[in-house]
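Notes follow once the structure below has been shown.
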Amino acid sequence: MGSPITATEKGIGMHPMEILIASDRTQLSAKLADNEAARALAAMLPLKIQMRDHLRQEKTGVLPSALPGGGRQTEFSVGTLGLWGDRDFVIYYRAGHVPAPGIVVLGHVRGDLSLFDNSDGVSISLRQAD
């Protein structure tokens, strides 16, 4: 077997990347963090993820494969993209905190997240911004 394709080989640079998060009702942009987990997420794009509401503070969905770990934190702000465990992708639409060991920050969404502020699930797509 050949060696795995790296994010750089797929045309994804080592600097923070812009992505688009789209649902049937909105499209938002986000800037990915400059860390190993965010680069691994970028290498998976494009993705479709079914998200469910959790604790009326976040939408969460399962990634197709695990992302690498990294530095974790327990605090988050509105718009934080996070990784809980190694496959749970999270979009926080309210500020707050999570229990230890915390989340790996994957990036930050720009724009109005109020459309996510409900108990409904939502299907999203993630892709690299043009």
Side-chain angles (χ1 to χ4, degrees):
M1 284 197 264
S3 63
I5 296 172
T6 66
T8 302
E9 290 168 340
K10 286 183 75 171
I12 300 165
M14 299 307 282
H15 54 82
M17 165 196 240
E18 294 284 328
I19 64 169
L20 296 177
I21 301 170
S23 74
D24 62 346
R25 297 177 59 195
T26 191
Q27 180 171 289
L28 300 166
S29 65
K31 187 174 192 173
L32 292 183
D34 188 10
N35 63 40
E36 186 178 359
R39 286 188 288 276
L41 176 66
M44 290 182 181
L45 299 180
L47 285 175
K48 289 190 179 188
I49 305 171
Q50 183 62 42
M51 308 286 284
R52 67 178 178 83
D53 196 72
H54 185 68
L55 301 174
R56 290 302 316 270
Q57 70 181 12
E58 65 200 60
K59 295 292 193 233
T60 183
V62 180
L63 294 168
S65 59
L67 297 181
R72 293 185 175 267
Q73 63 186 55
T74 57
E75 301 293 321
F76 55 85
S77 61
V78 172
T80 298
L81 298 177
L83 177 67
W84 176 260
D86 62 0
R87 289 187 59 199
D88 296 305
F89 178 74
V90 185
I91 301 172
Y92 292 97
Y93 59 82
R94 293 192 178 163
H97 64 277
V98 294
I103 59 167
V104 175
V105 174
L106 297 172
H108 194 81
V109 178
R110 290 191 210 91
D112 182 6
L113 278 93
S114 64
L115 227 53
F116 290 116
D117 191 356
N118 57 62
S119 61
D120 300 334
V122 63
S123 181
I124 64 164
S125 63
L126 303 174
R127 68 177 175 86
Q128 185 173 354
D130 297 328

Exercise. Start with the C-alpha gap between M44 and L67, add the side-chain angles, then the distance that decides, and say whether side-chain contact (heavy atoms from CB on, under 4.5 Å) holds.
Key: CA-CA 10 Å; M44 290 182 181; L67 297 181; 3.5 Å; yes

Exercise. For T80 and I103, run side-chain contact (heavy atoms from CB on, under 4.5 Å): C-alpha distance rounded to whole Å, both residues' side-chain angles, the deciding distance at 0.1 Å, then the answer.
Key: CA-CA 10 Å; T80 298; I103 59 167; 4.1 Å; yes

Distance in Å, [X] [atom1] paired with [Y] [atom2], rounded so as to fall on 0.5 Å steps:
X: L126; Y: L81; atom1: CG; atom2: CG; answer: 8.0 Å
X: Q57; Y: D117; atom1: CD; atom2: CG; answer: 11.0 Å
X: K31; Y: H108; atom1: NZ; atom2: NE2; answer: 11.5 Å
X: D120; Y: D53; atom1: CG; atom2: CG; answer: 8.0 Å
X: L20; Y: R127; atom1: CG; atom2: CZ; answer: 4.5 Å

Quiz prompt | side chain to side chain contact (heavy atoms under 4.5 Å, CB included) partner of Y92, the single match among L113, V98, T60 | solution = V98

Indicate the atoms forming the closest heavy-atom contact of [X] with [Y], along with that distance.
X: A30; Y: I21; result: CB-CD1, 4.1 Å
X: A42; Y: M17; result: CB-SD, 3.4 Å
X: L41; Y: L47; result: CD1-CD1, 3.9 Å
X: A95; Y: V78; result: N-CG2, 3.6 Å
X: G85; Y: R72; result: O-NH2, 2.8 Å
X: P68; Y: A40; result: CD-CB, 3.5 Å

Quiz prompt | Backbone of F116 reached by a side-chain donor or acceptor of K59 within 3.5 Å | solution = yes

Quiz prompt | Side-chain (R52) to main-chain (G121) donor-acceptor, under 3.5 angstrom | solution =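 Checking the backbone N and O of G121 against the side chain of R52, no donor-acceptor pair under 3.5 Å is found.
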
Exercise. Would you sort out whether V62 and D88 count as a side-chain contact (heavy atoms from CB on, under 4.5 Å), showing the intermediate values?
Key: CA-CA 5 Å; V62 180; D88 296 305; 3.8 Å; yes

Would you kindly confirm whether [X] and [Y] end up in one hydrophobic cluster when ILVMFWY residues are joined by side chain heavy atoms under 4.5 Å apart?
X: F76; Y: L106; value: no
X: V109; Y: L45; value: yes
X: V104; Y: V90; value: no
X: M51; Y: L32; value: yes
X: L63; Y: V122; value: yes

Exercise. Output, in order, the C-alpha distance, side-chain angles, deciding distance and verdict of side-chain contact (heavy atoms from CB on, under 4.5 Å) for I124 and F89.
Key: CA-CA 11 Å; I124 64 164; F89 178 74; 4.0 Å; yes

Quiz item: More than 12 non-hydrogen atoms from neighbouring residues, nucleotides or ligands closer than 6.0 Å to CZ on R56, yes or no?
Solution: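 Atom CZ in R56 is packed in, count exceeds 12.
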
Quiz item: Would you say the side chains of S23 and T26 form a donor-acceptor pair under 3.5 Å?
Solution: no

